[in-house]
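Worksheet: the structure to be examined is printed underneath.
First the proteins, then the strands, lettered A, B, ... as listed; each starts at 1.
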Amino acid sequence: MTGIRVLVGTKKGAFILESDGKRADWSVYGPHFAGWEIYHVKGSPADPNRIYASQNTSWFGQVIQRSNDGGKTWEQPGSPPEDWVANAGANAAEGEFVMPKGESNKFVYDTSSERGRPLTTHQWYDGTQHPWEFARVWHLEPSHEDPDLVYAGVEDAALFRTADGGRTWHELPGLRGHESGPKWQPGAGGMCLHTVLLDPKDPERIFIAISAAGAFRTDDGGETWRPINRGLNSQYIPDPTAEVGHCVHRIAMHPERPNTLFMQKHWDVMRSDDGGDTWHEISGDLPSDFGFPIDVHAHEPETVYVVPIKSDSEHYPPDGKLRVYRSRTGGHEWEPLTKGLPQKDCYVNVLRDAMAVDSLDPCGVYFGTTGGQVYASPNGGDSWTPIVRDLPAVLSVEVQTLP
Amino acid sequence: MIRVVLPHHLRTLAAVDGEVELDVGGGPVTQRAILDALEARYPMLRGTIRDHSTQQRRPMVRFFACQEDVTHEPPDAPVPAAVASGEAPFRVIGAIAGG
């Protein structure tokens, strides 16, 4: 029977929420990786049992976890002894390990003379130049076809790639090496590459977004990149229409329409119909066009969801009312979705990676809050129910629709 | 055998309970020799105590031995004799900090 698996990353561990296709009764599993910050957990579209998780603390740094059984058990790729033996090949008899051991958390910027870029600096909070330093993986994006191929968006902003199921990671240095790099600067959450969108119709085409540099696109599999920020207007940077420097919070795409992108920016909800070449504002009648997540209905490419937040100075919903806003017209006209959501005294935030949709009919919509609730709507947003109420602050929500 | 006490989160990653016992070979027992042997036996700990490339200790990890904070001892200096003999453990500590 069809099932739903919701993958939740929190400040203190990962949780897995499961239901059948009715999406009425839920089981909660976890915490996995208890006590660690889990910025993102995402399954492979090609193999739903293959799931990747980004695990981090300030004390012990980055760890990558991988599951091959839908999140029941986990391993650090390249660490279990059977992983070495299975990959030792002809040298197994000599006890030599061909595959790297324990390198699944080795994210080293490519400064090689062959294809890398020098480790340059970017603009620091005080205006001085600051060297690029790896801090954490914000987002893991498995490929549509290959469960072993995954992209990782990291802080300080760069894009990494694994082709061996997470055992080793290599930077795609053309992005960090873009001539605009020294003008990038960190947002309040650090200089993070938080959004990775793979064009399902063109494996050479990838969209990414960085706070606070903006959106970029490659059309050649990550070799070269260009900023795609024309039409963005950001009053918090010296030149509001600059090529880079915009604090893009999130971009969403319907898989059938990869040229149409929806963006929640640090103020302004935006839309592009030419693969990001140009953008126009679709905030329309939203009570606030500040916010973090944005997503698109699974079956209606012109139905878009956002969660308005009062302002950049006050990261909570306007008037203490938690409202998802839905546009069925691709923007401009928005309706509040409130049924089942707290309509007074609510001061939680919904972070950029904490909203997702399933692909059942009707489409399910899910989001998590910094107050630890994960809300589900089995009817496209018409009504909401909390699956869980008291998790640690939710950093990310992903959904798998299981056959 | 050298005894090493790991903090909670690293014991979980390495899937061990209690102390770890390591054979660090015949050379001098140093902080580097202990960590090298630890990472060889438990590759999942690579990068969590020391940076992969620079081998620098992560800022919020500390090392204690025989009631002393030996965090800032040179990595190639001999550890206290009681640690080298296995009488006392080498402790890897997650610094006390908020979170």
For this session: Give a yes-or-no answer on whether the side chains of A:Glu155 and A:His194 include a donor-acceptor pair shorter than 3.5 Å.
Result: no

For this session: Check whether the side chains of B:Arg62 and B:His72 place a donor and an acceptor atom closer than 3.5 Å, and report yes or no.
Result: yes

Problem set entry | Salt bridge flag under 4.0 Å for residues A:Arg176 and A:Glu171 |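 Salt bridge between A:Arg176 and A:Glu171, a charged N being under 4.0 Å from a carboxylate O: yes.
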
Exercise. Would you call B:Asp36-B:Arg50 a salt bridge at under 4.0 Å N-O?
Worked result: yes

Exercise. Measuring heavy-atom distances to chain B, does A:Ser104 have an atom under 4.5 Å in its side chain, in its backbone, in both, or in neither?
Worked result: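 A:Ser104 has no heavy atom closer than 4.5 Å to chain B.
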
For this session: Select one option (side chain, backbone, both, neither) describing which atoms of A:Glu37 are under 4.5 Å from chain B's heavy atoms.
Result: neither

Problem set entry | Selection from B:Leu45, B:Asp51, B:Leu10, B:Thr12 maximising heavy-atom pairs under 4.5 Å formed with chain A |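 Top option by heavy-atom pairs under 4.5 Å: B:Leu10.
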
Exercise. Checking heavy atoms, do the side chain of B:Pro59, its backbone, both or neither come under 4.5 Å from chain A?
Worked result: neither

